[in-house]
Chemist: 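Before I ask anything, here is the structure I am working with.
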Protein chains: 2
Amino acid sequence: MKSTSSSSSPAYQPLYRQIKHLITESLMSGEWRPGEPIPSEFELAQRYNVSQGTVRKAISELAHQNLLVRHQGKGTFVASHSEERKNFPFLRITPDRGSLDAVSATLIDFWRIKLDADSARKLAVAEAASAYLIRRLLAPAGASVVYEEIRLPATVFEGLSAETVDLHHCMLYSMYESAFQVRIVHVDERIKAVAAEGEIAARLDVEEASAVLLIDRVAYTYGDKPVELRRSYCNTREHHYRNRIV
Amino acid sequence: MKSTSSSSSPAYQPLYRQIKHLITESLMSGEWRPGEPIPSEFELAQRYNVSQGTVRKAISELAHQNLLVRHQGKGTFVASHSEERKNFPFLRITPDRGSLDAVSATLIDFWRIKLDADSARKLAVAEAASAYLIRRLLAPAGASVVYEEIRLPATVFEGLSAETVDLHHCMLYSMYESAFQVRIVHVDERIKAVAAEGEIAARLDVEEASAVLLIDRVAYTYGDKPVELRRSYCNTREHHYRNRIV
DNA sequence: GAGTGGTCTAGACCACTCA
DNA sequence: GAGTGGTCTAGACCACTCA
């Protein structure tokens with residue numbers, strides 16, 4: 001591969017970014033699947049006809065974005081939610097005291113629906129497109145803390161069943177990978193405080209009009225493609241949302 | 001500098017991390033101040049007697065942590081909040097529609113206090129240590145959206161006055177740098193939904209017992225030293241807290 | 001044109017894993 | 001011991017800034 005180092009090029013990209021893009025394409029195509037090793041740096045250098053250092057730089061950026069995981073002496077692996085059981089990077093709700101251990105999830109119901117205009121827009125699909133709606137409760141240490149509604153476009157998750165959802169309870173993102181080859185790579189959230197009303201108050205076992213946390217999430221897979229909408233209501237009496245900003 | 005590449009060393013650190021530590025020490029000591037350039041990679045390589053590549057790797061990590069900012073062709077600079085006017089990485093409250101432009105801050109009052117036990121513990125100072133308490137309102141586009149109480153240990157911010165706080169309104173972190181040589185490098189937050197009561201409801205112009213967002217922040221300077229406590233109450237009727245998780 | 005950071009290479013050697 | 005990623009070097013050249 002030759003570096004296209006022309007300063008007049010409208011979209012000049014250094015070599016390592018071109019390599020990064022090629023690796024990402026292989027991840028998207030499923031050539032290497034979550035949890036599996038990718039070829040060694042030496043092999044990739046040969047394949048792309050660049051130096052090992054250039055491959056390293058591409059892999060470093062992908063590892064930084066949590067798309068790849070490197071293990072010295074073993075190899076480089078495609079990041080997988082099933083191997084992140086311990087950290088739960090996308091679950092920010094934490095007990096005020098102690099730590100989060102066993103989280104039990106209870107499926108409330110499961111529907112095939114037509115998306116409303118707003119949801120369709122956020123998922124970048126046609127209005128009234130078909131989708132699955134999951135409603136469920138998360139209960140760390142027994143108490144109902146989170147009630148959530150999850151919308152999944154049918155084009156991506158065709159064939160999803162209540163049984164599949166129920167089986168994987170709190171490990172949904174790991175199920176997306178294994179059953180649908182959909183890896184969630186980042187999420188955007190909007191957080192508000194709202195008054196719990198009706199069913200939500202009942203589900204969270206709080207008084208009508210109590211203050212609860214509302215988290216509106218859009219989850220994206222490779223290539224910034226939105227594939228999940230999630231609205232969570234959280235009882236923050238004994239839990240909080242933790243965040244670190246650097 | 002020689003690499004101490006002994007596998008039996010209890011705390012083996014690669015060369016570039018040792019360099020990173022030396023650079024951090026210079027930042028802490030104030031040898032290079034926020035906004036100022038640090039020596040070029042070539043000069044630092046000579047100073048530490050390592051290759052330019054090793055210095056680059058150390059600087060890259062520091063740039064990634066937002067402690068340094070690199071500008072191709074110009075040099076490497078100590079990160080400064082006053083040069084981040086545009087992004088406000090630590091201000092996560094955003095209007096639901098449109099973007100945040102002018103934020104006006106109104107000082108409510110300013111006190112010299114003795115820290116309660118909990119605050120003293122979070123700031124890692126002795127109980128009843130002296131501190132400043134700032135209470136103020138933030139009003140993007142006129143409406144009062146955030147009421148906050150800020151606690152600053154007197155040992156670090158000795159001589160702070162209401163006038164200084166008032167002058168710098170919403171750019172407090174930039175004032176910490178210029179007036180006290182304290183650069184905030186990261187913050188930890190705990191977020192809850194609570195009912196607004198009494199003064200808080202009045203200040204935010206919401207009904208008693210309305211749901212508001214509570215953000216408890218600890219802000220740290222170099223070396224993970226806590227130097228600010230901030231409790232913010234936010235009216236999220238037309239604003240939200242935005243977050244991206246990768 | 002001089003000086004800065006940014007990319008890329010080739011090669012040496014270290015640290016770790018696994019058979 | 002073979003294979004992996006991790007570190008470090010020296011050197012070439014590119015891209016950008018500023019006088």
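Keep in mind the model is a prediction, meaning the values are calculated, not measured. Worth knowing before you read on, the calculation uses all heavy atoms, side chains too, and leaves out hydrogens, waters and symmetry mates. Here is how names work: the chains are called A, B, and so on, in the same order as the sequence lines, proteins then strands, and each is numbered from 1.
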Chemist: Is the phosphate of dG6(C), meaning OP1 or OP2, less than 4.0 Å from a side-chain N or O of Arg70(B)?
Modeler: yes

Chemist: Go ahead and write out DNA chain C as dot-bracket, 5' to 3': ( ) for pairs within the strand, [ ] for ones crossing earlier pairs, | when the partner sits on another strand, dots for unpaired; Watson-Crick or G-U wobble, both distances under 3.5 Å.
Modeler: ||||||||||||||||||.

Chemist: Are Phe157(A) and Tyr132(A) an aromatic pair, judged by ring center distance below 6.0 Å?
Modeler: no

Chemist: Consider only side-chain N and O atoms of Arg183(B) and Ser80(B), and report whether a donor and an acceptor are under 3.5 Å apart.
Modeler: no

Chemist: When you measure from the side-chain N and O atoms of Arg56(A) to the phosphate of dG6(D), is any distance below 4.0 Å, counting only OP1 and OP2?
Modeler: yes

Chemist: Which residue lies toward the 5' end of DNA chain C, Ile38(B) or Ser51(A), if each is placed at its nearest nucleotide?
Modeler: Ile38(B)

Chemist: Please report the distance, rounded to the nearest Å, between OH in Tyr16(A) and P in dC13(D).
Modeler: 21 Å

Chemist: Rounded to whole angstroms, how far apart are CG on Leu15(A) and C1' on dA12(D)?
Modeler: 15 Å

Chemist: Quick one: is Ser40(A) getting a side-chain N or O under 4.0 Å of the dG3(D) phosphate, OP1 or OP2?
Modeler: no

Chemist: Just by distance, with hydrogens left out, do Glu41(B) and Thr76(B) show a side-chain donor and acceptor under 3.5 Å apart?
Modeler: no

Chemist: Think Lys74(A) has a side-chain N or O under 4.0 angstrom from the OP1 or OP2 of dC18(C)?
Modeler: yes

Chemist: Figure out the CG/C1' separation between Leu44(B) and dT9(D), and round it to whole Å.
Modeler: 17 Å

Chemist: How close or far is atom C1' of dC16(C) from atom CZ of Phe77(A), stated in whole angstroms?
Modeler: 13 Å

Chemist: Distance check needed: dG5(D) P versus Gln72(A) CD, whole Å only.
Modeler: 10 Å

Chemist: To check you understand the geometry: which heavy-atom pair defines the closest contact between Tyr241(B) and Asn243(A), and what is its length?
Modeler: OH-ND2, 2.9 Å

Chemist: Please state how far atom CD in Glu41(A) lies from atom C1' in dG11(C), giving the value in whole angstrom units.
Modeler: 15 Å

Chemist: Without decimals, in angstroms, what is the distance between Gln52(B) CD and dT9(D) P?
Modeler: 11 Å

Chemist: Quick one: which of dT9(C), dG5(D), dT7(C) gets closest to the side chain of Lys57(A)?
Modeler: dT7(C)

Chemist: Using a distance-only test with no angle check, is there a side-chain donor-acceptor pair under 3.5 angstrom linking Tyr220(A) and Glu228(A)?
Modeler: no

Chemist: Decide whether Ser29(A) and Ser26(A) meet the rule of one side-chain donor and one side-chain acceptor closer than 3.5 Å.
Modeler: no

Chemist: Taking CZ from Arg17(A) and C1' from dG6(C), how many angstroms apart are they, rounded to a whole number?
Modeler: 11 Å

Chemist: Would you say Lys20(A) and Gln65(A) are linked by a side-chain donor-acceptor pair, where the criterion is simply a distance under 3.5 Å?
Modeler: yes

